[in-house]
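Excluded from the calculations below are hydrogen atoms, water molecules and symmetry mates; all remaining heavy atoms, backbone and side chain alike, are included.
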Amino acid sequence: MSGTFNIVMGDRGRLVVPAEVRSRSGLTPGTPLVLLDAPDGMILMTREQLSARVRHDLQGTDLVSELLRDRRSESAREDAG
């Protein structure tokens, strides 16, 4: 984390991203942002940052194998019941 910035919510829920952060992040008017409502707080990031985070979090995960394992387990429970 590069810094902490105190901001205040304005009328109609508007927030102003500090100029230093906009400049460092390459934010320009109209840049789409994503607000994640996480259990431990809110996270504001660009779509590209979110995509990179998801790819990093899923790195090394074999989603197809996990899905097949879950489906086989469900099928076995249905067959037994």
Side-chain angles (χ1 to χ4, degrees):
M1 192 174 297
S2 299
T4 301
F5 299 89
N6 293 313
I7 59 176
V8 177
M9 184 175 299
D11 64 330
R12 300 190 321 212
R14 294 182 182 198
L15 300 174
V16 175
V17 177
E20 178 182 337
V21 175
R22 292 193 315 265
S23 176
R24 187 174 56 242
S25 300
L27 300 177
T28 57
T31 300
L33 298 173
V34 178
L35 177 67
L36 297 177
D37 186 10
D40 55 345
M42 295 180 289
I43 304 167
L44 184 64
M45 58 182 61
T46 64
R47 289 180 181 170
E48 292 79 15
Q49 291 168 333
L50 176 60
S51 293
R53 181 178 178 151
V54 169
R55 279 193 300 276
H56 179 268
D57 288 350
L58 294 177
Q59 189 174 13
T61 303
D62 185 358
L63 297 175
V64 173
S65 293
E66 286 185 30
L67 178 62
L68 287 173
R69 187 173 40 252
D70 290 347
R71 295 291 186 232
R72 288 181 182 126
S73 178
E74 288 174 24
S75 178
R77 278 195 302 269
E78 288 175 5
D79 290 344

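In plain terms, the two heavy atoms of L27 and V17 that are nearest each other are CD1-CG1, 4.2 Å.
The backbone N or O of T28 lies less than 3.5 Å from a partner atom in the side chain of T31, making a donor-acceptor pair.
With rounding to the nearest 0.5 Å, the separation of CD1 in I43 from CD in Q49 is 11.0 Å. Within the model, atoms CZ of R71 and CZ of R69 stand 13.0 Å from one another, a figure rounded to the nearest 0.5 Å.
For the side chain to side chain contact (heavy atoms under 4.5 Å, CB included) test, residues two or more places apart in sequence or in another chain that qualify with R47 are P32, V34.
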Side chain to side chain contact (heavy atoms under 4.5 Å, CB included) assessment of E66 paired with D62: CA-CA 6 Å; E66 286 185 30; D62 185 358; 5.7 Å; no
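In the hydrophobic clustering of ILVMFWY residues, with side-chain heavy atoms under 4.5 Å counting as a link, V16 and V8 come out apart. When hydrophobic clusters are built by joining Ile, Leu, Val, Met, Phe, Trp and Tyr residues whose side-chain heavy atoms come closer than 4.5 Å, directly or via intermediates, L33 is grouped together with V21. Under the 4.5 Å side-chain heavy-atom criterion for grouping Ile, Leu, Val, Met, Phe, Trp and Tyr, V54 is connected to L36 within one hydrophobic cluster.
In the displayed structure, D79 atom CG is contacted under 6.0 Å by more than 12 heavy atoms of other residues, nucleotides or ligands.
The closest side-chain donor-acceptor pair between R77 and S73 falls under 3.5 angstrom.
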